[in-house]
Amino acid sequence: DFIICDRMPFGPLFKEYGFNYIALYDKCPAPEKFQPETETIKEFGQKIDQTNAGAVYVFDNSDKKLAKQVIAASKNPKCDTLVFDSMESLTLSQLFSGKNYINIMQNNLTLLRPN
C-alpha cells in the first residue's frame, strides 16, 4: 500500500497496474492551500501504523508539510518521505544537464519497489 501525503497525478497509472494507495487529495492539481481535515491526518497516521509503512510519498515541489503531519500522527516518527517526480517542474537547465523522461521514470520505479 502506498500512502500519498499529497495530490495524486499518477492515480490512473496506479489503478491501471493495480497498486493500492490512499491519497490525501486524489486529484491533480490540488486546490490552492489544500488542507485536509485533522481527522483525515489522524487516519493516515493510523494507516502507517496498520501497514508498518516505512515511507509515505509526495510529489515534486511538495513542501512535505502534510507528510510531516501524517508521520507525526503515527507511532513511527522515523517513517521516510519519498518523492515521486511528475516532471511538472522540469527545467530547461535540467534537460540540458541530462535529466529526461526515461531516467526520471526509472527513478520513480525504484520508489515503487517494496522497502
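The first residue of the sequence shown is numbered 1, and numbering continues consecutively from there.
Contact annotation: the side chain of Asn100 never approaches that of Leu90 to less than 4.5 Å [non-hydrogen atoms, C-beta and beyond]. With a 4.5 Å cut-off on side-chain heavy atoms, Lys42 and Val70 do not count as touching. Leu66 places none of its side-chain heavy atoms less than 4.5 Å from the side chain of Asp6. Within the 4.5 Å cutoff, no side-chain heavy atoms of Phe96 are placed close to those of Thr91. Inter-residue side-chain proximity for Ile4 and Val58 is flagged as unmet; no heavy-atom pair is nearer than 4.5 Å.
In this structure, Phe10 CZ and Phe59 CZ are separated by 5.0 Å, a value rounded to the nearest 0.5 Å. To the nearest 0.5 angstrom, Leu95 atom CG is 14.0 Å from Tyr101 atom OH. The distance from atom CG of Asn52 to atom SG of Cys79, rounded to the nearest 0.5 Å, is 10.5 Å. Separation of atoms SG (Cys5) and CD1 (Ile71) is listed at 6.5 Å; rounding is to 0.5 Å. Note that the CD1 atom of Ile48 and the CG atom of Asp1 stand 12.0 Å from one another [nearest 0.5 Å]. Taking CG of Leu24 as the reference point, atom CD1 of Ile22 lies at 7.5 Å (rounded to 0.5 Å).
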Inset, instruction - Decide side-chain contact (heavy atoms from CB on, under 4.5 Å) for Gln106 and Thr110; before the verdict, give the C-alpha distance in whole Å, the side-chain angles of both, and the deciding distance to 0.1 Å. - result: CA-CA 7 Å; Gln106 286 174 330; Thr110 65; over 6 Å; no
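In this view, Tyr21 and Phe14 satisfy the ring pair (Phe, Tyr, Trp, His ring centres under 6.0 Å) rule, not counting sequence neighbours.
Between the side chain of Asn103 and the backbone N or O of Gly98, at least one donor-acceptor pair lies under 3.5 Å.
Between Asp85 and Met105, the shortest heavy-atom contact is O-CE, 3.8 Å. Taking every heavy atom of both residues into account, Ile41 and Pro36 meet most closely at CD1-CG, 3.7 Å. Closest approach of Val56 and Ala67 over heavy atoms only: CG2-CB, 4.0 Å.
Using a 3.5 Å distance cut-off with no hydrogens or angles, the side chains of Thr40 and Glu43 do not pair a donor with an acceptor. With no hydrogens or angles considered, a side-chain donor-acceptor pair links Ser89 and Asp60 at under 3.5 Å.
If you chain together hydrophobic residues whose side chains sit under 4.5 Å apart, Phe44 and Tyr25 fall into the same group. Under a hydrophobic-cluster definition in which Ile, Leu, Val, Met, Phe, Trp and Tyr are linked whenever side-chain heavy atoms come within less than 4.5 Å, directly or via other members, Leu112 and Met8 are assigned to the same cluster.
The list of side chain to side chain donor-acceptor pair (under 3.5 Å) pairs with a residue in residues 62-80, not counting sequence neighbours, reads Gln35-Gln69. Legend: side chain to side chain donor-acceptor pair (under 3.5 Å) pairs involving residues 10-20, not counting sequence neighbours: none detected.
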